[in-house]
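Numbered from 1 within each chain, the chains take letters A, B, ... in sequence-line order. None of the values given here were measured: they were computed from a predicted structure. When reading the values below, keep in mind they use all heavy atoms of this one structure, side chains included, and skip hydrogens, waters and symmetry mates.
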Protein chains: 2
Amino acid sequence: MQSFPLERDGLVPVYVQIRKRLLDRITSGDLKAGDLMPSEQEISGTLGVSRMTARQAVKSLCDWGIAYSMRGKGTFVSPVKLEKNFRQAQSFTEEMNALGFRPSSQVFALKAERAPTEVAEALKAGRNSEVIRLDRLRLANSKPMGIECAYLLHSMCPGLIHVFDPQASLYETLWKQFGLSIAVADEIVEVGLPSAAAASLLRISRNKPVFLFTRVSYARRGHSMQAVEYVKSTYRGDRYKIANRLTRAKLKLAGISV
Amino acid sequence: MQSFPLERDGLVPVYVQIRKRLLDRITSGDLKAGDLMPSEQEISGTLGVSRMTARQAVKSLCDWGIAYSMRGKGTFVSPVKLEKNFRQAQSFTEEMNALGFRPSSQVFALKAERAPTEVAEALKAGRNSEVIRLDRLRLANSKPMGIECAYLLHSMCPGLIHVFDPQASLYETLWKQFGLSIAVADEIVEVGLPSAAAASLLRISRNKPVFLFTRVSYARRGHSMQAVEYVKSTYRGDRYKIANRLTRAKLKLAGISV
DNA sequence: CTGCACTAGATGTATAGACAAGTTGATTGT
DNA sequence: ACAATCAACTTGTCTATACATCTAGTGCAG
């Protein structure tokens with residue numbers, strides 16, 4: 001643990017500073033997988049904070065799966081490596097940037113229309129709700145990766161048609177222009193064969209398997225969680241794969257298995 | 001909040017009891033999505049616990065995504081429904097049971113062999129490690145769903161070949177016979193076309209797209225996380241889909257995006 | 001050498017209090 | 001009528017303490 005003093009100016013909570021120091025020791029390799037981390041008492045004494053504050057820092061690392069505690073023994077660094085490319089609710093743009101590819105898009109539809117039944121139901125909107133439809137071919141390093149057909153609730157982002165830059169990230173635009181931050185998304189993944197139009201755009205033959213995604217994204221707006229976006233995507237099977245980390249359900253006592 | 005007293009016998013922590021009461025109010029519909037939950041002070045006063053204990057109960061609900069807090073306003077029930085069928089690190093058996101199907105298996109290989117290079121690397125075991133290979137056709141309601149080819153470290157489950165019941169759940173056997181509890185698994189999902197053998201077993205033609213899973217499962221044994229199982233699976237694309245819940249990365253301040 | 005008791009140290013739980021900071025609505029002064 | 005202020009209530013952070021429970025080692029009695 002570095003011993004230079006913590007900042008008590010109230011700008012950054014003390015437990016966040018402690019957590020950052022612990023994370024730095026893990027990412028720098030000073031603390032390796034399976035290593036014993038400093039105990040709560042030790043942190044408390046070294047940095048001059050109460051044990052509960054030290055505990056708050058350690059516990060949040062455990063909540064994130066970066067460490068785990070064993071009663072009576074101590075807290076250890078989790079041996080399962082942290083990998084960046086586990087799919088989060090991030091946009092194609094962010095995902096490709098994280099993987100080191102250069103993302104781009106070709107917009108071939110951007111217009112307002114009545115929500116199809118399937119879309120209206122998924123977004124829990126009225127049958128005749130107006131949506132903005134955005135069809136894009138997605139490319140990484142100029143090679144076609146997939147097609148995305150997005151439906152956005154017009155009421156949540158009025159005027160998107162006029163302010164949207166075809167090369168910009170949709171999620172970034174939603175945030176900067178409309179204050180919408182996509183917090184969670186439910187996604188169904190299926191396999192299939194591409195439609196004739198999709199095969200042509202993706203430059204593959206129609207008998208090549210593809211990923212089919214159906215996604216509903218939710219934004220936190222004030223204190224309500226609002227369905228904002230419905231997307232159907234087709235991605236090339238030879239250029240795309242999904243990495244998932246599966247974790248055992250946490251809840252059994254409570255009767256809900258999350 | 002029910003007002004009958006909490007049990008202070010130390011068997012069940014007080015904050016777990018409080019959490020259970022809050023969860024009961026949510027699952028029973030007493031508290032609906034978007035509703036304001038009782039404040040920490042209110043819980044503290046009503047149940048006669050300290051505010052920090054009440055807070056611990058509320059915070060764990062927030063950690064699980066069941067509720068969310070806003071400073072100055074209160075804590076609200078999260079509007080996104082809890083669904084049971086989001087893929088966890090559960091076995092085929094558990095998954096099919098949860099979906100209401102009747103799972104079964106046909107074992108067509110169960111033998112000890114030297115780990116192939118790919119398997120040895122994934123399990124972080126020596127080149128000549130002995131593994132147990134278990135090939136199974138998986139069926140739901142007697143219809144073929146997929147093929148799983150599992151490699152298990154022999155050192156972690158010696159004698160599995162003799163005690164394994166072909167109709168039992170592998171994970172259940174690992175737990176009951178060897179004390180191995182699969183805690184986390186990393187999975188790669190790809191799409192492809194089935195091999196001739198796979199197509200025949202799955203009773204599909206070779207041009208039907210399939211899911212290809214590659215999975216490494218880890219068990220917590222003592223205080224170390226040990227790779228135990230390497231599985232390659234082929235699942236029928238017309239009978240299988242994946243439901244994922246994607247959540248925004250929590251960490252930005254700390255410099256790690258989990 | 002075996003086995004039991006004890007101890008030091010670790011996390012888990014619980015309490016009581018304090019202050020900071022954000023929200024909301026009522027009150028008060030202009 | 002309007003605007004600024006204040007009061008009450010919320011969550012967020014931090015401290016100091018206490019006891020429970022589990023682990024691992026030490027040492028002593030047998």
Check whether any side-chain nitrogen or oxygen of [X] sits under 4.0 Å from OP1 or OP2 of [N], and answer yes or no.
| X | N | value |
| --- | --- | --- |
| A/T53 | D/dC14 | no |
| B/Y15 | C/dT13 | yes |
| B/Q41 | D/dC9 | no |
| A/T75 | C/dA10 | no |
| A/S39 | C/dA10 | yes |

What integer distance in Å separates [X]:[atom1] from [N]:[atom2]?
| X | N | atom1 | atom2 | answer |
| --- | --- | --- | --- | --- |
| A/K73 | D/dC22 | NZ | P | 14 Å |
| A/K59 | D/dG12 | NZ | C1' | 15 Å |
| A/F76 | C/dA10 | CZ | P | 11 Å |
| B/L11 | D/dA20 | CG | P | 14 Å |
| A/M52 | C/dA14 | CE | C1' | 8 Å |
| B/L36 | D/dT10 | CG | P | 9 Å |
| A/I43 | D/dT15 | CD1 | P | 13 Å |
| A/E40 | D/dT15 | CD | P | 14 Å |

So what does B/V49 touch, heavy atoms closer than 4.0 Å: a base, only the sugar-phosphate, or nothing?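 Counting heavy atoms under 4.0 Å across all strands, the contact made by B/V49 is with sugar-phosphate only.
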ask   = With a 4.0 Å cut-off on heavy atoms, is A/V14 in touch with a base, just the backbone sugar-phosphate, or nothing at all?
value =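 If one applies the 4.0 Å heavy-atom cut-off, A/V14 turns out to touch the sugar-phosphate alone, with no base involved.
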Pair A/E229, A/Y171: side-chain N/O donor-acceptor within cut-off below 3.5 Å
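The criterion, which ignores hydrogens and geometry beyond distance, is satisfied for A/Y171 and A/E229.
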inquiry  = Looking at A/F213, is its backbone amide N or carbonyl O close enough to the side chain of A/E187 to form a donor-acceptor pair, meaning the two atoms are under 3.5 Å apart?
reply    =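 Between the backbone of A/F213 and the side chain of A/E187 there is no qualifying donor-acceptor contact (under 3.5 Å).
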Output the single nucleotide from [options] whose closest atom is nearest the side chain of [X].
| X | options | value |
| --- | --- | --- |
| B/R71 | D/dG12, C/dT11, C/dT15 | D/dG12 |
| B/R55 | C/dT15, D/dG12, C/dT11 | D/dG12 |
| B/P13 | D/dC14, D/dT11, C/dA14 | C/dA14 |

Check your understanding: When B/P38 is tested against each of B/L22, B/T46, B/T75 for side chain to side chain contact (heavy atoms under 4.5 Å, CB included), which residue passes?
Key ->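 One option only clears the test, and that one is B/L22.
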Do the non-hydrogen side-chain atoms of A/L134 and A/F164 ever get within less than 4.5 Å of each other?
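Counting from C-beta outward, A/L134 and A/F164 do come under 4.5 Å.
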Given the structure, check if the side chain of B/R51 and the base of D/dG12 hold any donor-acceptor pair shorter than 3.5 Å.
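Answer yes: a donor N or O sits under 3.5 Å from an acceptor.
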Quick one: do B/Y151 and B/E113 satisfy side-chain hydrogen bond (donor to acceptor under 3.5 Å, both in side chains)? Show the steps, please. CA-CA 9 Å; B/Y151 298 86; B/E113 64 180 48; 4.5 Å; no
